Amino acid sequence: MPELSSFQYNIVYNLMSLTVAGMGAAALFFFLSPGVDRKFKPALVVSGIVVSIACYHYVRILGSFEGSYASSGGGVYTATGKPFNDFYRYADWLITVPLLMVELVAVLALAKDESRKLLTRLAVAAALMIALGYPGEAAIGTGNDTVVWVWFVASMLPFLYIMATLFGTLTRATQTQPENVRSLLSLARLVVIVTWSFYPIAYVIGALGASSGTGRTAIQVGYTLADLTAKAGFGLVIYAIARAKSTGTEATVGQPRTA
C-alpha cells in the first residue's frame with residue numbers, strides 16, 4: 001500500500017468517521033419516520049436497515065483503515081503490513097444495494113405483480129454487479145491490469161442495466177403519481193444516477209493511480225461519499241416521497257398533517 005500524507009490520511013479517516021455517525025443518525029430517523037402513513041412504513045424500515053448495515057460496516061472499514069497505516073513522523077503515514085480489508089465494503093454493498101432497490105419499489109406502491117418482477121430483475125442485477133466488481137477491485141495495485149479492467153467492464157454491464165431500468169421505471173412512475181410527489185420522484189431519479197455514477201468513477205481513478213497515495217485517497221473518498229449520499233441521502237428522498245404521499249399531506253412536504 002502506498003504511503004499517505006497527513007492530509008490524505010486524515011481526510012479519509014475523518015470522512016469515514018463522519019459516515020459512521022451519519023448512517024447511525026439516519027437509522028434512528030428512518031425507524032421513527034415521523035409523519036408517514038402505515039402504508040409507506042415498510043419503505044422507511046428498509047431505509048433504516050440499509051443505513052444500519054452501512055454504519056456497522058463503516059465501523060469495520062474505519063478500524064481496518066486505521067490498522068493498516070501508522071504515522072512514521074514528518075507528516076507521513078506508512079503501511080503497517082496489515083492489509084486494508086476491502087471486502088467489508090463489498091460485503092456491505094452485496095446486502096444494501098438490493099435493499100436500496102426494495103425501498104425504492106416499496107415507496108412507489110406499484111401493483112404487486114409489477115413490483116415483484118421489477119424487484120427481482122433489479123436485485124439480481126445488483127448482486128451480479130457487486131460480485132463481478134470485487135475481483136477487479138481486489139486486483140488493483142497488484143500489477144495485473146488485465147484482471148482489473150476485465151472485471152470492471154463485466155460489472156458495468158449489470159450497472160448500466162440497473163441505471164436504464166430505474167430511469168425508465170421512475171420516468172413512467174412520475175407520470176402516474178400524485179402531483180405533489182412528481183418533483184420528488186424526479187429528484188430520486190437524479191440522486192440515483194448521480195450518486196451511483198460515483199462508484200465507477202472512483203474505481204477508475206483508484207485503478208489508474210493505484211501505486212500513489214493520491215489514487216488510494218481518491219478511491220476511498222469517492223466510495224465513502226457515494227455511500228453516504230446513495231444510502232442516507234437517498235433515504236431522505238424516499239422519506240420525503242412517503243411523507244408527501246401520506247394522508248393529509250397534499251400540497252408540499254413539510255405541511256402540517258390534518259386529521
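Remember, it's a predicted structure, so these values are computed and weren't measured experimentally.
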If the threshold is 4.0 Å, N to carboxylate O, is there a salt bridge linking Arg60 and Asp92?
no
Side chain to side chain contact (heavy atoms under 4.5 Å, CB included) partner of Ile53, chosen from Val50, Val51, Ile49
Ile49
Should Val20 and Met16 count as side-chain neighbours, where that means a heavy-atom distance under 4.5 Å?
no
At their closest point, which heavy atom of Ala54 faces which heavy atom of Lys231, and how far apart are they?
CB-CD, 3.9 Å
Any side-chain heavy atom of Phe234 sitting closer than 4.5 Å to one from Thr195?
no
Indicate whether the side chain of Tyr69 and that of Gln8 have a donor and an acceptor atom separated by less than 3.5 Å.
no
Describe, in one word, how the ring planes of Tyr77 and Tyr9 are oriented to each other, choosing from parallel (under 30°), tilted (30 to 60°) and perpendicular (over 60°).
parallel
Any donor and acceptor pair, going by atom type alone, linking the side chain of Lys41 with main-chain N or O of Ser33 inside 3.5 Å?
yes
Do Arg89 and Thr224 make a side-chain contact, defined as non-hydrogen atoms from C-beta onward lying under 4.5 Å apart?
yes
In terms of relative ring orientation, are Tyr90 and Tyr134 parallel, tilted or perpendicular, with 30° and 60° separating the classes?
perpendicular
CA sep, side-chain torsions, deciding dist, call: Phe159, Tyr199, ring-ring contact (aromatic ring centres under 6.0 Å, His included):
CA-CA 10 Å; Phe159 172 84; Tyr199 294 107; 8.1 Å; no
For Phe30, run the side chain to side chain contact (heavy atoms under 4.5 Å, CB included) check against Val46, Val45, Leu236, Val36 and tell me which one passes.
Leu236
Side-chain heavy atoms of Ile241 within contact of Phe40, under 4.5 Å
no
Between Ser246 (side chain) and Asp37 (backbone), is there a donor-acceptor pair under 3.5 Å?
yes
With side chains defined as the heavy atoms from C-beta onward, is the minimum distance between Trp196 and Thr229 less than 4.5 Å?
no
Set out, in order, the CA-CA distance, both residues' side-chain angles and the distance that settles side chain to side chain contact (heavy atoms under 4.5 Å, CB included) for Phe7 and Thr217, then state yes or no.
CA-CA 10 Å; Phe7 172 79; Thr217 302; over 6 Å; no
If you take all heavy atoms of Ser52 and Ala27, which pair is closest and at what distance?
OG-CB, 3.3 Å
Partner residues of Leu28 under the side-chain contact (heavy atoms from CB on, under 4.5 Å) criterion, sequence neighbours left out:
none
I'd like to check the side-chain hydrogen bond (donor to acceptor under 3.5 Å, both in side chains) partners of Tyr161; sequence neighbours left out, ordered by chain and number.
Arg121
With heavy-atom distances below 4.5 Å as the criterion, would you say the side chains of Tyr13 and Leu4 are in contact?
no
Among the clusters formed by ILVMFWY side chains lying less than 4.5 Å apart, do Leu132 and Trp93 turn up in the same one?
no
Measuring from Lys82:NZ to Ser64:OG, what's the distance to the nearest 0.5 Å?
6.5 Å
In terms of ring plane angle, is the pair Tyr88 and His57 parallel, tilted or perpendicular, where the classes change at 30° and 60°?
tilted
Look at the side-chain heavy atoms of Ile, Leu, Val, Met, Phe, Trp and Tyr, link any pair under 4.5 Å apart, and say whether Leu18 and Val59 land in one connected group.
yes
Should Tyr203 and Tyr223 count as side-chain neighbours, where that means a heavy-atom distance under 4.5 Å?
yes
Any idea which heavy atoms bring Leu225 and Phe198 closest together, and the distance?
C-CD1, 4.4 Å
Are Val192 and Ile162 close enough that some pair of their side-chain heavy atoms sits under 4.5 Å apart?
no
Show the nearest heavy-atom pair for residues Leu62 and Ser17, with the distance to one decimal.
CD2-CA, 4.1 Å
